[in-house]
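Notes for the one structure printed next.
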Amino acid sequence: MLFCVFTQAQKKQYWLIDTETKVKKKVKDSVSAVKFLDSLAQNNYFFTQLKEVKVKGTAQKFSMIKGRISTKPMLIFQIQLP
């Protein structure tokens, strides 16, 4: 009986979809999906938003918007008033 439950869990599909670039990434399980989303923070995507979750049959699709922190220096102007 335990074997049947384990094989059912392996039939699920997990898709991670970047809504900006339309890149789709298929991962093997929910743990891999969480690890991928966590890795975004390590690559300066600290403001990633989970936009939508769709469940259709055995497939789960997670749409996200990656929010990257700019590493470019900001210019600051100082204006002197008379």
Please tell me if the side chains of Lys61 and Lys56 come closer than 4.5 Å, counting only heavy atoms from C-beta onward. no
Are Leu37 and Trp15 grouped together when hydrophobic residues (ILVMFWY) are joined by side-chain heavy atoms under 4.5 angstrom apart? no
Distance-minimising heavy-atom pair for Leu16 and Phe36: CD1-CD2, 3.1 Å
Thr19 side-chain N/O to Met64 backbone N/O, donor-acceptor pair under 3.5 Å: yes
Ser63 OG to Lys24 NZ distance, which is reported to the nearest 0.5 Å: 9.0 Å
Separation of Thr58 OG1 from Lys12 NZ (nearest 0.5 Å): 9.0 Å
Ion pair present between Asp18 and Lys66, side-chain N to carboxylate O less than 4.0 angstrom? yes
In Å, rounded to the nearest 0.5 Å, how long is the span from CD of Gln13 to CD of Gln60? 10.0 Å
On a heavy-atom basis, which atom in Ser32 and which in Asp29 lie closest, and how many Å separate them? OG-OD1, 2.7 Å
Are the side chains of Lys22 and Ile17 in contact, using a 4.5 Å heavy-atom criterion? no
Single-linkage hydrophobic cluster, 4.5 Å side-chain cutoff, Tyr14 and Leu50 together: yes
Joint hydrophobic cluster, Leu40 plus Val31, side-chain heavy atoms closer than 4.5 Å: no
